[in-house]
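Order of the sequence lines sets the chain letters (A, B, ...), proteins ahead of strands, with each chain counted from 1. All values below come from the heavy atoms of this structure, side chains included, with hydrogens, waters and symmetry mates left out.
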Amino acid sequence: MSVTIVEKLRDNLTKILKDAYNEAVSAGELNHTENLVINLEEPREKSNGDYSSNMAMMLAKELRNAPRNIANAIVSHIKIGGFVDRCEVAGAGFINFYLNNSWLYPVMEEIELKGKDFGKSDLGKNQKYMVEFVSANPTGPMHMGNARGGALGDCLAELLKWAGYDVTREFYINDAGNQIEKFANSLEARYLQIYLGEDKVSFPEDGYQGDDIKEHAKAFAEINGESYVNAEEKDRKDALVAYALEKNVAALKTDLENYRIVYDVWFRESVLHNSGEVAEVIELFKKSGHTYEKDGALWFKSTDFGEEKDNVLVRANGIPTYFAADVAYHRNKIETRGFDKVIDIWGADHYGHVARMKNALSALGINPDKLDVIIMQLVRLMQDGEIVRMSKRTGKAVTLNDLLEDTSIDAARFFFNMRQADSHMVFDLDLAVEQSSENPVYYVQYAHARMCSILNLLKEDGIKVENYSDINVNLLSEPQEIELLKKLASLPEEIKTAALAYEPSKITRYSVELATMFHAFYNACHVRGEDKELTKARLKLVDSTRIVLSNVLTMLSIDAPERM
RNA sequence: GUGCCCGUAGCUCAGCUGGAUAGAGUGACAGACUCCGACUCUGUAGGCCGUGCGUUCGAAUCGCAUCGGGCAUACCA
């Protein structure tokens, strides 16, 4: 993949500094060093130039010279020309470059050539990455935490794709273990209550109280009648679970698709039990020498790896724990399926599980660095100024579907990706429901609609977007135009940075900033009715911006409307 | 008790591997369309960057301590 405009610029500036330093050494003005480090940054304050290097300060100790002396020596050997207008020493020894815009204009040509692919890179070198997210319990509907995890995971997966990784989205279905027991007991009680009366059949204390359980039982009864009332308990439960679980999984799939999330793989926990992979992992644990038996249970000696407590692998009743199954699952991801990196998105309430999992992988000889866990702080829902509790058992939990009924998919996806995963988020439902400019997604979408509107209007005037080579780009010199161009040019780097940090929120913020700069440009610079050449140049800028904004919104799976 | 996350403008949050005078949005106040969509823009006010030490030429950023809020510490998942 080709080098971006910004990379070219930075490479050039680095070379200029390096050459100047070497010449200063040759001239006997500076001492020589092997570890020459050249940093470049964009100063916050514009009066300090477009790019700045602190290399003189970094070298001061090693060269045994004052930073300003070093900086002056280097600057005196820098050749002015090309995109460099001037170069000065400032402050404690900063070397500041003041540039003209000749380096920047070709970004529009790059956008023209790459189109929908502008922003993509080969940073990831096609490494196999998996993002596992949501993985909600199939015993009920999805809550607000799942909504956040869904928006985060899906956007992260797409972000990584743009950065050149080979990404698989996966949903882990916990269709085994204790909660399925509970699910079965709850269904059974509701089913029997239909035929034997509510007073005759007691509902388990720790059962799922939700109406969905009743509805499953009722629907099951309509199909099978009372044939299961006198059946063997195990058969009855199996039949109920098989029925209700499929319904729930199908519902999860539909709900997530409505949220614009499509998974590549739906992986069932039961597969790991049936294939013997769980049993295999338990054997491997035993061979590793990090296990022992106590009170009839098999324990993993987590304390060997610095943890405070050991963990149970197989319960006294002979059933493996969720922990054991989850280790088998991660072994399957990394070893069996060969992912280079496995990214899990977990709620903060699973925090304690991270070290345990990594240590378990180490014990089995699997590189724990192949697992990255993103701990997402829980969402607290606020309505009418009060915290709304989210609990499956109250039956009053706010579900993903409730949320999407109130607000738009665009708003929800955008809102959840406004903040970093580790921020404790308060989701103000009243605010999210409000479809106004309060919610930045409308601000961004409006910018896109405005660009399309300009393009359409000029098209009606018979003026269409021309090729970069036919445009006099030097006419674009207003500060708003230059700022906008710089923002466009920065997208590939923004995507790389965001991908490496696993932070799609950086891209969301980028879209807001881009929209802001466009609106500012719009108010300062007219496209229509100007000098013909200027109109052409600005129209090209608008079209370039439209492409970039559209790319960003596409990446986030948020609609980029032509009109609103 | 121990571990992790958070603490920056009234509110919601940015601040990249330490850099020069700490930034947005929102709210408040004052302005801008006979002109490409005012779902927009411009300006003003608002900060001991929780607190205290330390490292450094230089700290919101790194280290230690401390205070406040959240979460976790199951033979649940």
Chemist: Just how far, in rounded Å, is C1' of B:rU73 from CE of A:Met357?
Modeler: 17 Å
Chemist: Please find out if less than 6.0 Å separates the ring center of A:Phe171 from that of A:Phe267.
Modeler: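 That pair fails the under 6.0 Å test.
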Chemist: Ignoring backbone atoms, test whether A:Lys309 places a side-chain nitrogen or oxygen under 4.0 Å from the OP1 or OP2 oxygen of B:rA74.
Modeler: yes
Chemist: Tell me whether the side-chain N or O atoms of A:Ser52 pair up with the base of B:rA20 as donor and acceptor below 3.5 Å, since no angle test is needed here.
Modeler: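 Counting by modelled atom types and ignoring angles, a donor-acceptor contact under 3.5 Å is found here.
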Chemist: With C1' as the reference atom in both, quote the distance from B:rC53 to B:rC67 in angstrom, rounded to an integer.
Modeler: 15 Å
Chemist: Please report the C-alpha distance between A:Asp50 and A:Lys486 in whole Å, then the side-chain angles of each, then the deciding distance to 0.1 Å, and finally whether the salt bridge (Lys or Arg N to Asp or Glu O under 4.0 Å) criterion is met.
Modeler: CA-CA 11 Å; A:Asp50 298 294; A:Lys486 282 183 183 168; 3.5 Å; yes
Chemist: Rounded to whole angstrom, note down the P distance from B:rU55 over to B:rA74.
Modeler: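 Comparing P positions in B:rU55 and B:rA74 gives a spacing of 41 Å.
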Chemist: Describe the nucleic acid contact of A:Ala449 in one word from base, sugar-phosphate, nothing, applying a heavy-atom distance below 4.0 Å.
Modeler: base
Chemist: Round to the nearest Å and state the distance from A:Ile95 atom CD1 to B:rG19 atom P.
Modeler: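 Value for this atom pair: 18 Å.
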Chemist: Would A:His519 count as stacked on B:rC41 if the rule is ring centres under 5.5 Å and plane angle under 30°?
Modeler: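 Per 5.5 Å and 30° rule: no stacking.
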Chemist: Between A:Lys333 and A:Asp344, is there a salt bridge with N-O shorter than 4.0 Å?
Modeler: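 The answer is yes: the pair qualifies as a salt bridge.
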Chemist: Kindly say if A:Gln420 contacts the phosphate of B:rG15, meaning a side-chain N or O under 4.0 Å from OP1 or OP2.
Modeler: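 For B:rG15, OP1 or OP2 has a side-chain N or O of A:Gln420 closer than 4.0 Å.
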Chemist: Which of these nucleotides, B:rA14, B:rA20, B:rU12, is closest to any side-chain atom of A:Arg419?
Modeler: B:rU12
Chemist: Is a salt bridge present between A:Lys506 and A:Glu494, judged by a nitrogen-to-oxygen distance below 4.0 Å?
Modeler: no
Chemist: Between A:Lys301 and A:Asn311, is there a side-chain donor-acceptor contact under 3.5 Å, judged purely by atom types and distance?
Modeler: no
Chemist: Let me know the distance between CD of A:Glu483 and C1' of B:rC41, rounded to the nearest Å.
Modeler: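 To the nearest whole Å, that distance equals 16 Å.
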Chemist: Using atom CD1 of A:Ile495 as one end and atom C1' of B:rC16 as the other, report the distance to the nearest whole Å.
Modeler: 16 Å
Chemist: With a 4.0 Å cutoff (strictly under), does any side-chain N or O of A:Arg528 reach OP1 or OP2 of B:rC35?
Modeler: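 The answer is no; no side-chain N or O of A:Arg528 sits under 4.0 Å from OP1 or OP2.
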Chemist: Please examine the side chains of A:Glu132 and A:Ile343, heavy atoms only from C-beta on, and report whether any two atoms are closer than 4.5 Å.
Modeler: no
Chemist: Please give the distance between the P atoms of B:rU21 and B:rG3 as a whole number of Å.
Modeler: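 To the nearest whole Å, 38 Å.
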Chemist: So if I take every side-chain heavy atom of A:Lys61 and compare against B:rA22, B:rC36, B:rC57, which nucleotide ends up nearest?
Modeler: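 For the A:Lys61 side chain, the nearest candidate turns out to be B:rC57.
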Chemist: Do the side-chain N or O atoms of A:Asn178 get closer than 4.0 angstrom to the phosphate oxygens (OP1, OP2) of B:rC76?
Modeler: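 Yes, because at least one side-chain N or O of A:Asn178 sits under 4.0 Å from OP1 or OP2 of B:rC76.
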Chemist: Please tell me which of the listed nucleotides, B:rG19, B:rA77, B:rG37, lies nearest to the side chain of A:Met57?
Modeler: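 Nearest to the side chain of A:Met57 among the choices is B:rG19.
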Chemist: Is it the case that over 12 heavy atoms from other parts of the model lie below 6.0 angstrom from the CD atom of A:Glu466?
Modeler: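 Yes - once you tally the heavy atoms of other residues, nucleotides and ligands closer than 6.0 Å, there are more than 12.
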Chemist: A:Glu493 has an atom CD; how far is it from atom P of B:rU17, in whole Å?
Modeler: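 After rounding, the gap between these two atoms is 16 Å.
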Chemist: Starting at the 5' end of RNA chain B and moving along, which residue's nearest nucleotide shows up first, A:Gly177 or A:Glu41?
Modeler: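 With A:Gly177 and A:Glu41 compared, the 5'-side residue is A:Glu41.
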Chemist: Measure the distance from CG on A:Leu457 to C1' on B:rG37 and round it to the nearest whole Å.
Modeler: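 About 10 Å, once rounded to whole Å.
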Chemist: Roughly, in whole Å, what's the span from CG in A:Leu40 to P in B:rU17?
Modeler: 17 Å
Chemist: Measuring only the P atom in each nucleotide, how far is B:rC5 from B:rC62? A whole number of Å is fine.
Modeler: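 Their P atoms lie roughly 11 Å apart.
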Chemist: Could you work out which one of B:rG37, B:rA14, B:rA77 sits closest to the side chain of A:Arg356?
Modeler: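 Closest nucleotide to the A:Arg356 side chain: B:rA77.
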Chemist: Looking at A:Asn523 and B:rA38, is any side-chain donor or acceptor paired with a base atom of the opposite kind under 3.5 Å?
Modeler: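 Counting by modelled atom types and ignoring angles, no donor-acceptor contact under 3.5 Å is found here.
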Chemist: So for A:His353 and B:rA72, does any side-chain atom that can act as donor or acceptor lie under 3.5 Å from a complementary atom in the base?
Modeler: no
Chemist: Do the side-chain N or O atoms of A:Tyr208 get closer than 4.0 angstrom to the phosphate oxygens (OP1, OP2) of B:rC76?
Modeler: no
Chemist: Measuring from the side chain of A:Arg509 (C-beta onward, heavy atoms only), which nucleotide among B:rG37, B:rG15, B:rC71 has the closest atom?
Modeler: B:rG15
Chemist: A:Asn248: what forms a side chain to side chain contact (heavy atoms under 4.5 Å, CB included) with it, not counting sequence neighbours?
Modeler: A:Phe183, A:His216
Chemist: Take A:Val75 and A:Glu88 through the test side chain to side chain contact (heavy atoms under 4.5 Å, CB included) and record every step on the way to the result.
Modeler: CA-CA 7 Å; A:Val75 167; A:Glu88 293 172 357; over 6 Å; no
Chemist: Determine, step by step, whether A:His448 and A:Phe518 satisfy the ring-ring contact (aromatic ring centres under 6.0 Å, His included) criterion, reporting the C-alpha distance in whole Å, the side-chain angles of both residues, the deciding distance to 0.1 Å, and the verdict.
Modeler: CA-CA 9 Å; A:His448 187 267; A:Phe518 173 73; 9.7 Å; no
Chemist: Hey, is the side chain of A:Ser453 poking within less than 4.0 Å of OP1 or OP2 on B:rG37, counting only N and O atoms?
Modeler: yes
Chemist: Does A:Tyr322 make a side-chain N or O approach to OP1 or OP2 of B:rA74 shorter than 4.0 Å?
Modeler: no
Chemist: Identify whether the distance between the nearest side-chain nitrogen and carboxylate oxygen of A:Arg10 and A:Glu493 falls below 4.0 Å.
Modeler: no
Chemist: Considering only B:rG37, B:rU21, B:rA77, which nucleotide approaches the side chain of A:His350 most closely?
Modeler: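 So the nucleotide nearest the side chain must be B:rA77.
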Chemist: In whole angstrom, give me the gap between the P atoms of B:rA9 and B:rU51.
Modeler: 11 Å
Chemist: Under a 3.5 Å cut-off on both pairing distances, which runs of 3 or more consecutive Watson-Crick or G-U pairs involve RNA chain B?
Modeler: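 Output for stems: B:1-7 with B:67-73, B:10-13 with B:23-26, B:28-32 with B:40-44, B:50-54 with B:62-66.
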Chemist: Under 4.0 Å, heavy atoms only, any strand: does A:Asp349 hit a base, just the sugar-phosphate, or nothing?
Modeler: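 Sugar-phosphate, backbone atoms only, no base.
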Chemist: For the C1' atoms, the ones on B:rG23 and on B:rG63, what distance do you get once it is rounded to whole angstrom?
Modeler: 27 Å
Chemist: For B:rC71 and B:rC75, measure between their C1' atoms and round to the nearest Å.
Modeler: 23 Å
Chemist: Pick the C1' atom in B:rC49 and in B:rU61, then give their distance to the nearest Å.
Modeler: 10 Å
Chemist: Can a side-chain donor-acceptor contact be found between A:Thr303 and A:Asp310 if the only test is distance below 3.5 angstrom?
Modeler: yes
Chemist: A:Tyr522 has a side chain; which of B:rA14, B:rA38, B:rG19 sits nearest to it?
Modeler: B:rA38
Chemist: Looking only at side-chain N and O atoms, does A:Lys506 come under 4.0 Å of OP1 or OP2 in B:rG15?
Modeler: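 True: A:Lys506 side-chain N/O within range (under 4.0 Å) of B:rG15 OP1/OP2.
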Chemist: Would you say a side-chain N or O of A:Arg450 is under 4.0 Å from OP1 or OP2 of B:rA38?
Modeler: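 So the side-chain polar atoms of A:Arg450 do come within 4.0 Å of the phosphate oxygens OP1 or OP2 of B:rA38, strictly under.
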Chemist: When the nearest nucleotide of RNA chain B is assigned to A:Ala316 and to A:Gly352 on a heavy-atom basis, which residue is associated with the more 5' position?
Modeler: A:Gly352
Chemist: According to the 5.5 Å centroid and 30° plane-angle thresholds, does A:Tyr351 stack upon the nucleobase of B:rG3?
Modeler: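 According to the criterion (under 5.5 Å, under 30°), no, A:Tyr351 does not stack.
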Chemist: Which nucleotide in the list B:rA20, B:rA14, B:rA77 gets nearest to the side chain of A:Arg315?
Modeler: B:rA77
Chemist: Between atom CG in A:Asn146 and atom P in B:rA77, what is the gap in whole Å?
Modeler: 18 Å
Chemist: Among B:rC75, B:rC36, B:rA20, which nucleotide sits nearest the side chain of A:Ala297?
Modeler: B:rC75
Chemist: Looking only at side-chain atoms of A:Asn54, point me to the closest of B:rA14, B:rG19, B:rC41.
Modeler: B:rG19
